[in-house]
There are 2 protein chains.
Amino acid sequence: MQIGELSRETGVNIETIRYYERSGVLPTPVRQDNGRRVYGASDVRRLGFIRHARNLGFDLQSVQTLLALQEQPQASCADASRIAQAQLDEVEQRIARLQSLQLELSRMVAECRKGMVAECRVIEALDTPLS
Amino acid sequence: MQIGELSRETGVNIETIRYYERSGVLPTPVRQDNGRRVYGASDVRRLGFIRHARNLGFDLQSVQTLLALQEQPQASCADASRIAQAQLDEVEQRIARLQSLQLELSRMVAECRKGMVAECRVIEALDTPLS
DNA sequence: CTACAACCTGTAGTGACTACAGGAGCAAGA
DNA sequence: TCTTGCTCCTGTAGTCACTACAGGTTGTAG
């Protein structure tokens, strides 16, 4: 399969696929005689993995670490778990902060609806540290 | 207060403060005779707000919108309400996305803890995208 | 033969920083 | 007074993870 089909199959931009190759997170593919890249099923899987990991907020460095772990199945899962846990901690922090902002914004909207001049406390909502 | 103190007070890099000024999210400050920037308490608050909003994943454009909301004179309450509602929608979407992410990450970590090394599911979890 | 899609390389732009070069101001100590 | 060292200044360039585009080649359908 050529790069266009891989792109359609995975939903990853062609330019992005070439970028992933350049930055080493995708292996350099075999080329046809005309120089075009040839991909297989394993590339679809790998690229799907990368896309999903990126959506979860892993940077390409972490993705590469996870892929390396995958290729060494006997290696400990502690590394992968540690990376995931770090992401999880950050995600939970973000959720908490967003919920306090959500509260403040909905309060403002509600006050505005009532025709009152809301004294805006958006800044305070974000300024006061969590918990 | 000079830029260094503002930086220490808010935890925002000096270079980043100047960048915020360049990109219009911080007002151009008064200068001393020697050309150095002078800041006050309002800048500390504003910069703290920017930092938190950025941590929440708002881009500088949205931060500027939120700040405009804050500075909105009582006049256009309907307008302010509309902006606040739009931000609220975005915040709620963001929370939902983060929560599904949180679920998956915590499942990954939990399975990794329970399972044996050979059966680590972290990578498999990333391989199968969310429905 | 022509049109056009799909591919190629290489470079440059984006957003939000971050680092660094090269210079100036200023306060304290020798 | 001179020097050291810190903070500040401007301006440019680098980073990450793309994304866009220019300018060229290849393949295929009409």
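We name chains A, B, ... by the order of the sequence lines, and we start the count at 1 in each one.
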Handout entry: Residue pairs involving residues 47-62 of chain B (criterion salt bridge (Lys or Arg N to Asp or Glu O under 4.0 Å); sequence neighbours excluded)
Key = none
Fill in the blank from the handout: Those residues at least two apart in sequence (or on a different chain) that pass side chain to side chain contact (heavy atoms under 4.5 Å, CB included) with A/Thr10 are A/Leu6, A/Val12, A/Val44, A/Leu47
Handout entry: Exceeds 12 heavy-atom contacts within 6.0 angstrom, atom CD of A/Gln32
Key = yes
Handout entry: Side chain B/Arg46, main chain B/Leu67, donor-acceptor under 3.5 Å
Key = no
Handout entry: N or O in side chain of B/Tyr19 less than 4.0 angstrom from C/dG15 OP1/OP2
Key = no
Practice task
Nearest whole angstrom, please: distance from the P of D/dT19 to the CZ of A/Arg22.
Solution key: 12 Å
Problem - Contact list for residues 5-17 of chain A, test salt bridge (Lys or Arg N to Asp or Glu O under 4.0 Å), sequence neighbours left out - result: A/Glu15-A/Arg18
Exercise for the section: Please state whether the phosphate of D/dA17, meaning OP1 or OP2, lies under 4.0 angstrom from any side-chain nitrogen or oxygen of A/Ser23. Expected result: no
Tabulated below should be each protein N or O lying under 3.5 Å from an N or O of nucleotides 28-30 of chain D; please produce it.
none

Exercise for the section: Assess whether side chain to side chain contact (heavy atoms under 4.5 Å, CB included) is satisfied between A/Glu21 and A/Thr28, documenting all intermediate values. Expected result: CA-CA 6 Å; A/Glu21 182 188 332; A/Thr28 54; 4.1 Å; yes
Problem - Residue pair A/Ile14 / A/Ser7, side-chain heavy-atom distance below 4.5 Å - result: yes
Exercise for the section: Could you check how far CD of B/Gln64 sits from P of C/dG15, rounded to whole Å? Expected result: 13 Å
Handout entry: Residue closer to the 5' end of DNA chain D, A/Arg54 versus A/Asp33 (nearest nucleotide)
Key = A/Arg54
Exercise for the section: Measure from CD on B/Gln61 to C1' on C/dT14 and round the result to the nearest Å. Expected result: 14 Å
Handout entry: A/Ile3 side chain near A/Arg36 side chain, heavy-atom distance below 4.5 Å
Key = no
Completion exercise
Double-helix bend of the helix from C/dC1-D/dG30 to C/dA30-D/dT1, axes at both ends from 5 pairs, round to 10°, gives 20°
Practice task
Side-chain contact test, heavy atoms from C-beta onward, threshold under 4.5 Å: evaluate it for A/Leu88 versus B/Gln102 and give yes or no.
Solution key: yes
Practice task
To the nearest Å, give me how far apart CE (B/Met1) and C1' (D/dT7) are.
Solution key: 16 Å
Which atoms of nucleotides 7-9 of chain C (N or O only) lie under 3.5 Å from a protein N or O atom, and what are those distances?
unit_1: C/dC7; atom_1: OP1; unit_2: A/Gln2; atom_2: OE1; d: 3.3
unit_1: C/dC7; atom_1: OP1; unit_2: A/Gly4; atom_2: N; d: 2.9
unit_1: C/dC7; atom_1: OP2; unit_2: A/Gly4; atom_2: N; d: 3.4
unit_1: C/dC8; atom_1: OP1; unit_2: A/Arg37; atom_2: N; d: 2.8
unit_1: C/dC8; atom_1: OP1; unit_2: A/Arg37; atom_2: NH1; d: 3.0
unit_1: C/dC8; atom_1: OP2; unit_2: A/Arg18; atom_2: NH1; d: 2.6
unit_1: C/dC8; atom_1: OP2; unit_2: A/Arg37; atom_2: NH1; d: 3.3
unit_1: C/dC8; atom_1: O5'; unit_2: A/Arg37; atom_2: NH1; d: 3.4
unit_1: C/dC8; atom_1: O3'; unit_2: A/Arg31; atom_2: NH1; d: 3.4
unit_1: C/dT9; atom_1: OP1; unit_2: A/Arg31; atom_2: NH1; d: 3.2
unit_1: C/dT9; atom_1: OP1; unit_2: A/Arg31; atom_2: NH2; d: 3.0
unit_1: C/dT9; atom_1: OP2; unit_2: A/Arg37; atom_2: NH1; d: 3.0
unit_1: C/dT9; atom_1: OP2; unit_2: A/Arg37; atom_2: NH2; d: 2.8

Exercise for the section: Take atom CG of B/Leu6 and atom P of D/dC9, then tell me their distance rounded to the nearest Å. Expected result: 11 Å
Practice task
Measure the distance from CG on A/Leu47 to P on D/dA17 and round it to the nearest whole Å.
Solution key: 15 Å
Exercise for the section: Nearest whole angstrom, please: distance from the C1' of D/dC18 to the CZ of A/Arg51. Expected result: 16 Å
Exercise for the section: Find the distance A/Tyr20:OH to D/dT19:C1' and express it as a whole number of Å. Expected result: 12 Å
Handout entry: B/Gln99 atom CD: more than 12 heavy-atom contacts under 6.0 Å
Key = yes
Handout entry: Donor-acceptor contact present, side-chain A/Ser62 to main-chain A/Phe58, <3.5 Å
Key = no
